[in-house]
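Read through the structure below, which is laid out as structure tokens, and then see the notes.
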Amino acid sequence: MRAMSVDPIVNSLNEAQRRAVTSDADRLLVLAGAGSGKTRVLVHRIAWLIQACHLAPHNILAVTFTNKAAAEMRHRIESLLRAPLGAMWVGTFHGIAHRFLRLHWQEAKLPQNFQILDSDDQLRLVKRVMRGMELDETRWPPKQAQGFINSNKDEGLRPEHIDDYGDIHQKTLVNIYQQYQDACQTGGMVDFAELLLRSHELWLKQPALLQHYRQRFRHVLVDEFQDTNRIQYAWLRMLVGNDNAITIVGDDDQSIYGWRGARVENIRQFGDDFGRAEVVRLEQNYRSTSIILNAANGVITHNSDRLGKNLWTSGAEGDPISVYAGFNEVDEARFIAERIQHALQQGHRRDDIAILYRSNAQSRVLEEALLRAAIPYRIYGGHRFFERAEIKNALAYLRLICHRDDDAAFERVVNTPTRGLGDKSLERIRALARELKIPLWQASLQVLQHRELATKAGNALKGFLALIEQLDQETRGTGLSEQAERVIGASGLIAFHKNEKDDRGEARVENLKELISATREFEISLQQESATLAAFLDHAALEAGETQAGENEDSVQMMTLHAAKGLEFPIVFMAGVEEGLFPSMQSADDPHRMEEERRLCYVGITRAMKNLYITYAESRRIYGSEALHAPSRFIREIPIHLLQEVRASARLTRPMSTFDSGFGGVRERSAAYRGNNGYGGARIQADDSPYQLGRSVRHPKFGDGVIMGCEGQGPNARVRVNFRGEGEKWLVAQYARLEFV
DNA sequence: TCAGCGCATGTTTTT
DNA sequence: CATGCGCTGA
């Protein structure tokens, strides 16, 4: 390996990138603007450390925020070096902290088989603890308590470190935190924030261990440093110490997670705190046209709190940014769908196009518009695979099998599928568990022993305990996938979900089957012997699973602005760019939050490579009622010569011109708009086919529905109808006997 | 045990 | 508006 030339590592880099990659500074801060080759620098620097500085992969630790980023980084390093890097640690903060805790469970005072609690499990546990404290859930929202616990852990604080100011409210929350923590400890459970806090404390209390890792990790590299929170910062600080090297890469202008504890200040603090750092700025952008870049710069310069950086490109100027004012959100969506269709006709791939929005609630109308235009799309976000209820149920069975004391799992499935074990019996078990500070499983055994339950409930409980024991014994020594298959089969979950009356039941059964194949894939991806049930459960908890249906199909990408960070698309639509929505209303009063909104806008704009469309609606239905919003201040912050207003088709005259009125002047709405049917009506159809999109129809068998699409003409036309209850069907017009209603 | 009702609630999200 | 939750009654 050493004989290899380092040329490929540095040749393709620009001057700044090369300085960053080859720097011999112990503390290197790379301020990397959007699209400036951030990941590239990180990847090449690691390769450089290995090949030019002869650092063993074993001595390097690379930390990211998401599993996806970690996987991508490893992959890119390996393909650059053309060698696998088994010994190098690349992972998320949480993944790495977890690894430490697994290796040193004893020193960390955890049971060997401790389990990871995801936020859903955590909330349930918080609720349980609160019920034990007899707190009124309306006065003390469990979600808020959960947030309190997590944000304190993220700050590195234990209950005893929190000052309650003698305030009852605060006192109660601290108390909940304490009791929750006790419950975690007895149950051998660790939540996400705990992974970091615990491993930080582990080093604090075990200097020898810390020393060992300091000797091992000579160089630590961190991606997206602007997203680190306090505990992550402290964790890094401790691991690096005074003698090791650290490279951090980040962009203060892309800090959009302040609301969940990320501290941009960490970047600024880095220099002082770690000792003088060399700073390299990456300002040349390789992604976007200069118009898009200048727009982004125009917006972000309105923030005062910046380290300062100016992106530039040597590339083409490109097309102006299109701004469209929809008269309502349906019209806005219609416009977007129409433009997408146009782009597709020009030969663009659907994958090249993204629609970005501030809040998930916006996706629905957009989705409907794409559906109507028959454009395949994919929505990022929402529930991921391992977070789905049916999957969590199945996993709970598996968790109980390898860990009887897992109370979260116990609670979840003692009565799922329902087996006649009511809340009263359960409460008795919980009470005993609380009293004796023992897990629910053991409490159940005792309750049974003392015959404290009604016969029916008692038998149900006995049956449940026996089922778990039996499955454990039967599947001992069998492979993971076989075990999963057997357990899911015996749990009765399949029948349970099949019987659900919604049409969702079927999908759930499918998901359960997919879970079994996920265990198979897991076996294949690891060596057989390390693919244990416990390992799979960790995997499920730490990687919620990107698996989404239709992932491979070429489709338009829809996601929130947050979810878009780190991605790029030739064509980007930013929808709902209105005051109150984006920037969000709840950020209006706080200048810091307003700056974060602006950074979010900066992130959004810089996702676009060639074409950017900014759209907003003059009127939008929000929470049932209609709201009139002014165009977002962010539009005004873009230099006006970069913008081009897209006017609605000639059929209607706009009541307000975006530019003439100086944004947000006259808000008069003409009667012509009110009269239309909510489908962007007047403008949408010139079609003489009776099967118009959105039209309500009735079918003798399927009942009422709405036309979602139409192919062909005349009697042979095929019509796509979304029936209430029946879902979507394709019908041939001449046989369908559709009635218009 | 489960359906049905009234009520509160309503950004952004990874691990 | 629309969803999700807790509580109530059969």
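All chains are named by letter (A, B, ...) in the order of the sequence lines, taking the proteins before the strands, and each is independently numbered beginning at 1.
Note that the first and last nucleotides of DNA chain C, 5' to 3', having any atom under 4.0 angstrom from a heavy atom of chain A are C:dC1 to C:dG6.
Nucleic acid contact for A:Thr418: sugar-phosphate only, since backbone atoms but no base atoms lie under 4.0 Å from a heavy atom of the residue. Residue A:Ser119 is classed as a base contact, given a heavy-atom separation below 4.0 Å to a base. A:Tyr623 comes within 4.0 angstrom of a nucleotide base, judged by non-hydrogen atoms across all strands. Looking at heavy-atom distances under 4.0 Å, A:Leu421 makes contact with sugar-phosphate atoms alone, never a base. Among the atoms of the strands shown, none is found under 4.0 Å from any heavy atom of A:Arg599. Heavy atoms of A:Asn67 sit under 4.0 angstrom from primed sugar atoms or phosphate atoms, though from no base atom. In this structure, A:Glu596 reaches neither bases nor backbone, as no heavy-atom distance under 4.0 Å exists between it and the strands shown.
For the pair A:Leu426 CG and B:dT1 P, the computed distance is 10 Å after rounding to whole Å. Rounded to an integer number of Å, the gap from CG of A:Leu600 to C1' of B:dT12 is 7 Å. Between the CG atom of A:Leu581 and the P atom of B:dT12 there is a distance of 10 Å, given to the nearest Å. In this structure, the OH atom of A:Tyr257 is 10 Å from the P atom of B:dT15, given to the nearest Å. Going from atom CZ of A:Arg358 over to atom C1' of B:dT13 covers 11 Å, rounded to whole Å. Going from atom OH of A:Tyr380 over to atom C1' of B:dT14 covers 16 Å, rounded to whole Å. We find that CZ of A:Phe192 is positioned 4 Å from C1' of B:dT15, with the value rounded to whole Å. Put simply, CG on A:Asp120 is 16 Å from P on B:dT15, counting in whole angstrom units.
Ring-to-base geometry places A:Trp259 in a stacked arrangement with B:dT12 (centre distance under 5.5 Å, plane angle under 30°).
Contact check on A:Arg620 versus A:Glu578 returns a salt bridge, with a Lys/Arg side-chain nitrogen under 4.0 Å from an Asp/Glu carboxylate oxygen. Using a 4.0 Å cut-off between a side-chain N of Lys or Arg and a carboxylate O of Asp or Glu, A:Asp227 and A:Lys565 qualify as a salt bridge. Using a cutoff of 4.0 Å between basic side-chain nitrogens and carboxylate oxygens, A:Lys153 and A:Glu194 are scored as salt-bridged.
The side chain of A:His562 has B:dT12 as its nearest neighbour among B:dT12, B:dT1, B:dT15.
At the phosphate of B:dT15, neither OP1 nor OP2 sits under 4.0 Å from any side-chain N or O atom of A:Asn150. OP1 and OP2 of B:dG10 both lie 4.0 Å or more from every side-chain N or O belonging to A:Asn360.
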Taking it one step at a time, do A:Tyr180 and A:Gln146 satisfy side chain to side chain donor-acceptor pair (under 3.5 Å)?
CA-CA 10 Å; A:Tyr180 162 81; A:Gln146 182 187 26; over 6 Å; no
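A cation-pi arrangement is not found for A:Arg388 relative to A:Phe385, the charged atom failing to lie both closer than 6.0 Å to the ring centre and inside a 45° cone about the ring normal.
A:Glu332 places no side-chain N or O within 3.5 Å of a backbone atom of A:Ala575 that could act as its donor or acceptor partner.
Projected onto DNA chain B by closest heavy-atom contact, A:Gly420 and A:Glu387 fall at different nucleotides, the more 5' of which corresponds to A:Gly420.
Between A:Val299 and A:Cys601, the shortest heavy-atom contact is CG1-SG, 4.2 Å.
The structure places CD of A:Glu411 at 10.0 Å from OG1 of A:Thr416, a figure rounded to the nearest 0.5 Å.
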